[in-house]
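See structure below.
Numbered from 1 within each chain, the chains take letters A, B, ... in sequence-line order.
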Amino acid sequence: CNDYHFGLEEGEGISELFDCD
Amino acid sequence: PPQTPVRAAMNTIQHLMNSLAAASDKPSSTLISYFNNCTSNPTNDILERVNHLGKIFKERFAEAVGQGCAEIGFERFKVGVRLTYRVMESMLKSEEQRLSVQNFSKLLNDSAFHKSLLGCSIEVVMATYGRSAFDGISRETDLSFPWILEVFKIKPYDFYKVIESFIKAEPSLTREMIKHLESCEHRIMETLAWQSDSPIFELIRQSRDREGQVDQPEPTSC
């Protein structure tokens, strides 16, 4: 998957995306 | 050696089935312990949701492809469930390492998260099988993305949120499958996330409120 653009930054994950932090 | 389209499709399907050989269609003991660690145990809701969405998927698949294919649809759904539980466990392990927490109550009780994860897994299965087995299928019965969003009533923006974590959590995904999921991301961000009922508009409003009001309203030409 070396040409997939990973957009999540350091400290970001699924928990933050679903407002669970 | 070059493969015929049928051989290539069969190899792709075989790869998926091989990678899921050890995966169960029930939560593992590790997943169950994550569920038990939650402030509010999500186990029953998760199992009931899988059951409910399985019935819906089977009906909609049969409607689209033919009543004689209902069981084929249900078999594909079950493959998706196995992938879902495996990815969910992998995601929770990563989050536990990243955040040093073991109580994922809010995440695991979020139906949007579970439906989006299941939807993404089913999309992987559907894209793997493709349409080669159903020659003559009309455009109206196209089962490729975003069909699954409509079947499970998943908001495109929520589906978008699981894609990158899904790719990180599932190393068996082929390059072609990752490109397919990436194309789903692009389609969501370009079009689907901007439908009138999308949560994105409220998030933009909240973000703007947190940063303070702009002094001048934007001209209508913008």
>> Restricting to side-chain hydrogen bond (donor to acceptor under 3.5 Å, both in side chains), what partner residues turn up for B/Ser28, sequence neighbours left out?
In response: B/Glu89

>> For A/Glu9, is there any backbone N or O sitting under 3.5 Å from a side-chain donor or acceptor partner on A/Glu12?
In response: yes

Under 4.5 Å from any heavy atom of chain A, what part of [X] do you find: side chain, backbone, both or neither?
| X | value |
| --- | --- |
| B/Glu164 | both |
| B/Val101 | neither |
| B/Leu173 | neither |

>> Applying side-chain hydrogen bond (donor to acceptor under 3.5 Å, both in side chains) as the test, list every pair that has at least one member in residues 187-198 of chain B; sequence neighbours left out.
In response: none

> So which of B/Arg98, B/Lys168, B/Met177 has the biggest tally of heavy-atom pairs under 4.5 Å with chain A?
Replying inline: B/Arg98

> Are A/Phe6 and A/Tyr4 near enough that their ring centres are under 6.0 Å apart?
Replying inline: yes

